[in-house]
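Below you'll find the structure, written out as structure tokens, and then a few comments.
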Amino acid sequence: TKREDIRNIAIIAHVDHGKTTLVDELLKQSGIFRTNESVKERMMDSNDLERERGITILSKNTAINYKDTKINIIDTPGHADFGGEVERVLKMVSGVILVVDAFEGPMPQTKFVLKKALELQLPVIVAINKIDRPEARPEKVIDEVLDLFIELDASEEQIEFPVVFTSAKEGTSSIDMSKQEDNMEPLFESIIKHTPAPDVDAEGDLQVLISTIDYNEYLGRIGIGKVERGNIKTNQDAIIVNKEEESKNKKIRITKLYEFEGLSRVEVKEAKAGSIIAIAGVEDISIGDTICSIDNPEPLSFVTISEPTISMVFSVNNGPFAGREGKFVTSRQLRERLFKELHTDVSLKVEETESADSFIVSGRGELHLSILIETMRRQGYEFMVSKPKVLFKTVENKKYEPMERVTIDVPEEFMGSVIEKLGTRKGEMVNMVPSEGGYTRLEFSIPARGLIGYRSEFMTDTKGNGIMNSIFDGYEPFKGDIPTRSRGSLVSSEQGTSVTYGMYHVQDRGNLFIHPGVEVYEGMIVGMNSKTQDIDLNVCKKKHLTSMRASGSEEALRLVPPIIFSLEEALEFIEDDELVEITPENIRLRKKILD
Ligand code: GTP
């Protein structure tokens with residue numbers, strides 16, 4: 001039977017195309033928001049990192065009541081796949097809304113998620129948003145979406161997607177481009193009409209598949225998933241099983257059961273097949289678990305969580321400046337924080353080491369770990385990290401390494417340097433097609449090793465005009481050594497200043513970091529502006545390398561170790577025996593041997 005009172009839908013959008021505004025508007029119009037409640041504060045993605053990097057890290061649930069139907073909207077991680085999360089989220093829904101800016105058109109960042117949705121045969125509603133923009137070019141954008149669907153092998157039904165024109169900002173929508181209605185009803189109606197109601201076996205034995213895990217101090221671990229079969233009630237006994245883990249076979253009692261309402265969870269006594277629910281109070285509930293009736297414990301299969309491909313050492317900061325900038329600095333605090341992360345991030349691994357001060361943290365690529373580091377930094381943690389290490393696999397005495405599939409959109413003028421640099425890093429170009437507005441799209445298959453530190457170099461090389469996305473692409477036999485980038489050695493200068501790999505000794509008064517992108521070559525002339533204390537760097541050999549960013553008083557120069565401007569930049573320059581010091585205020589390269 002069909003649960004006509006429910007629609008489960010995922011939302012896919014490129015950053016800034018208006019997803020949050022759109023969902024807020026739907027919430028407002030459905031009457032869930034009381035007028036004095038601040039919408040901005042309760043936005044779907046609370047993590048400002050997501051905004052900055054244009055990615056969504058955790059999927060979140062919103063539920064909206066429209067007439068007699070409850071619409072569960074699930075946010076999808078827009079960028080890379082941190083361990084099968086996209087697929088697990090998409091398995092809960094029976095349709096997706098693709099939000100596309102009426103001017104910008106579809107962007108490569110959402111391609112990966114869209115591809116997964118199309119593979120799962122989900123019907124797509126295309127919301128052409130920001131239709132109010134004077135530069136809007138909706139017809140052209142629809143063509144671009146169509147091209148993208150064809151490129152991604154959409155099925156015939158999927159290609160005949162319904163389109164809704166929306167202005168999330170003005171709260172209007174329409175099916176007919178020429179007549180914008182002054183509410184969101186056309187979009188609501190489209191969702192009801194084009195997203196199938198969940199098809200359920202309401203009478204069968206209970207099965208709830210846990211798809212994501214949330215965590216909160218009061219409730220502990222919270223499992224979120226769809227009731228696939230039967231119904232679930234508080235105070236009932238159930239059994240928890242896992243297809244991949246036969247040992248997990250435990251009797252539990254359902255004590256705390258929730259459904260979603262607006263942006264919150266509300267406690268319920270009962271939930272039926274087709275509903276998306278949250279369960280708290282079940283110790284070590286995990287992704288992939290199935291909660292079943294006692295009489296018929298049948299585990300459902302789920303998307304396996306992929307193995308980590310990269311690891312880094314996280315340790316307590318024990319340098320001369322330790323503890324001056326961070327709120328949380330001790331090994332206990334670091335340990336607690338890292339282990340807490342495991343509650344919600346299933347693709348992360350944390351291992352203890354012989355030293356109580358160091359932990360090995362493994363995840364899905366450099367970006368995955370960078371996000372964790374940045375988040376902790378913003379929360380007030382101070383610690384140090386090592387150079388990322390790729391995790392090889394040995395099968396029958398052969399060494400395999402993780403590969404990445406990289407998609408790059410660049411203006412033509414920068415193509416040459418991208419191709420050359422990735423070539424040196426053992427990247428193999430697999431595709432090259434012209435895309436919108438003078439951009440070319442390049443696709444590479446490259447060892448994960450080859451991408452370490454490349455992002456910031458790429459941004460410099462393309463003067464910030466390039467877009468780069470990468471995704472894990474399986475294991476391949478070891479591709480051989482990648483030549484390390486020369487970081488230069490001693491250089492001469494007027495004052496006899498020496499420069500060693502990006503660190504600049506100002507006549508022994510201190511160290512400064514040279515902005516990445518400024519490579520150090522013999523023959524550089526380095527000078528210091530005595531008035532402003534700015535460092536000037538004149539380059540003889542490479543004309544386009546001009547200046548570096550650095551300033552500070554002499555006193556500061558003496559005290560401050562080299563300053564690095566971003567984590568990626570630090571990781572680009574770090575060597576095996578060095579550490580990057582992470583504090584809420586600074587990211588610095590610290591020369592230190594891990595012993
Ligand atoms: P993130 O939250 O950063 O992932 O982006 P998002 O996709 O959720 O976009 P968000 O809703 O934050 O909107 C991005 C910007 O576009 C904001 O400045 C909005 O005010 C603006 N915006 C959203 N919808 C519309 C629209 O329909 N018309 C116009 N003109 N601007 C819009």
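Keep in mind that the numbers below use all heavy atoms, side chains included, and drop hydrogens, waters and symmetry copies. Note that the coordinates shown come from a computational prediction; the quantities given were computed from them, not determined experimentally.
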Are V126 and I142 close enough, and set up right, to give a side-chain contact (heavy atoms from CB on, under 4.5 Å), and what steps lead you there? CA-CA 8 Å; V126 176; I142 294 173; 5.9 Å; no
A side-chain contact here means heavy atoms from C-beta on lying under 4.5 Å apart; do L342 and L348 qualify? yes
Between the CD1 atom in I11 and the CD1 atom in I74, the distance rounded to the nearest 0.5 Å is 11.5 Å
Rounded distance (nearest 0.5 Å) linking atom CG of L114 with atom CG of L152: 5.5 Å
Short side-chain to backbone donor-acceptor contact, R7 and I192, under 3.5 Å: yes
Report the C-alpha separation of I408 and T462 in whole Å, then their side-chain angles, then the decisive distance to 0.1 Å, and conclude whether the side-chain contact (heavy atoms from CB on, under 4.5 Å) test is met. CA-CA 11 Å; I408 283 175; T462 62; over 6 Å; no
What closest approach, in Å, do P106 and V100 show between heavy atoms, and which atom pair accounts for it? N-CG1, 3.5 Å
Salt bridge check, K2 against E4: does any charged N sit closer than 4.0 Å to a carboxylate O? no
Check step by step if salt bridge (charged side-chain N to carboxylate O under 4.0 Å, His left out) holds for E185 and K67. CA-CA 10 Å; E185 211 156 332; K67 296 186 178 164; 3.4 Å; yes
Within 6.0 angstrom of E135 CD, more than 12 heavy atoms from elsewhere: yes
Short side-chain to backbone donor-acceptor contact, T309 and G365, under 3.5 Å: yes
Scanning both residues in full, the closest heavy-atom pair of I71 with I9 reads CG2-CG2, 3.9 Å
Where do V145 and V163 land on the side-chain contact (heavy atoms from CB on, under 4.5 Å) test, with the steps shown first? CA-CA 11 Å; V145 173; V163 175; over 6 Å; no
Sorted by chain and residue number, the side-chain hydrogen bond (donor to acceptor under 3.5 Å, both in side chains) partners of E139 (sequence neighbours excluded) come out as none
Minimum-distance pair of heavy atoms, taken over all atoms of M92 and S211: CG-OG, 3.6 Å
Do side-chain atoms of R221 reach the backbone of Y215 as a donor and acceptor pair under 3.5 angstrom? no
Return yes if a side-chain donor-acceptor contact under 3.5 Å exists between N183 and Q29, otherwise no. no
Would you please name every residue forming a side-chain hydrogen bond (donor to acceptor under 3.5 Å, both in side chains) with Q379, sequence neighbours left out? R337
Residue pair K115, E151: steps toward the salt bridge (charged side-chain N to carboxylate O under 4.0 Å, His left out) verdict: CA-CA 9 Å; K115 183 167 198 280; E151 182 197 331; over 6 Å; no
Okay, side chain of K70, backbone of F260: is any donor-acceptor separation there less than 3.5 Å? yes
Do L451 and M468 come close enough that some side-chain heavy atom pair is under 4.5 Å? yes
Does the side chain of Y258 come within less than 4.5 Å of I224's, by heavy atoms? no
Nearest 0.5 Å, please: how far is NE2 in H368 from OG in S347? 4.0 Å
Residues at least two apart in sequence or cross-chain that pass salt bridge (charged side-chain N to carboxylate O under 4.0 Å, His left out) with K91, listed by chain then number, are none
Hey, mind stepping through S94 and N8 against side-chain hydrogen bond (donor to acceptor under 3.5 Å, both in side chains) and telling me if it holds? CA-CA 6 Å; S94 29; N8 296 323; 5.4 Å; no
Give a yes or no on whether the backbone of A273 and the side-chain of R3 come within a donor-acceptor separation of less than 3.5 Å. yes
Non-hydrogen side-chain atoms of L26 and I73 separated by less than 4.5 Å: yes
Mark yes or no for whether R405, through its side chain, and G474, through its backbone, hold a donor-acceptor pair below 3.5 Å. no
Of all the heavy-atom pairs spanning A278 and I222, show the shortest one and how long it is. CB-CG2, 3.8 Å
Judged by atom type as modelled, is there a donor-acceptor pair below 3.5 Å linking the side chain of T195 to the main-chain atoms of G95? no
Indicate the ring-plane relationship of F188 and Y66, choosing parallel, tilted or perpendicular according to the 30° and 60° boundaries. parallel
Side chain proximity check, Y381 to I582, heavy atoms < 4.5 angstrom: no
Side chain of R137, backbone of F103: donor and acceptor closer than 3.5 Å? yes
Any non-hydrogen side-chain atom of S286 less than 4.5 Å from a side-chain atom of I210? no
Quick one: CZ on F314 to CD1 on I373, what's the gap to the nearest 0.5 Å? 4.0 Å
Between S445 and M403, is any pair of side-chain heavy atoms under 4.5 Å apart? yes
A280 versus L219, closest heavy-atom pair with distance: CB-CB, 4.0 Å
May I ask you to test the I285-I213 pair for a side-chain heavy-atom distance under 4.5 Å? yes
A quick test of your reading: do over 12 heavy atoms of other residues, nucleotides or ligands sit less than 6.0 Å from CD of E428? no
Tell me whether the rings of H14 and H17 are parallel (<30°), tilted (30 to 60°) or perpendicular (>60°). perpendicular
Output the distance between atom CZ (F444) and atom OG1 (T407), rounded to the nearest 0.5 Å. 10.0 Å
For D176 and S174, does a side-chain donor sit closer than 3.5 Å to a side-chain acceptor? no
Grab the two heavy atoms, one from L257 and one from I232, that are nearest each other, plus how far apart they are. CD2-O, 3.7 Å
Go through it in stages, so that I can follow the logic: the residues are I452 and I310, the test is side-chain contact (heavy atoms from CB on, under 4.5 Å), and I'd like the CA-CA distance, side-chain angles, deciding distance and then a yes or no. CA-CA 10 Å; I452 291 178; I310 216 155; 4.0 Å; yes
Any donor and acceptor pair, going by atom type alone, linking the side chain of E341 with main-chain N or O of L372 inside 3.5 Å? no
Taking K130's backbone N and O only, do any of them form a donor-acceptor pair with D101's side chain (distance below 3.5 Å, no angle check)? no
How long is the span from the CD1 atom in I277 to the CD atom in E270, to the nearest 0.5 Å? 11.0 Å
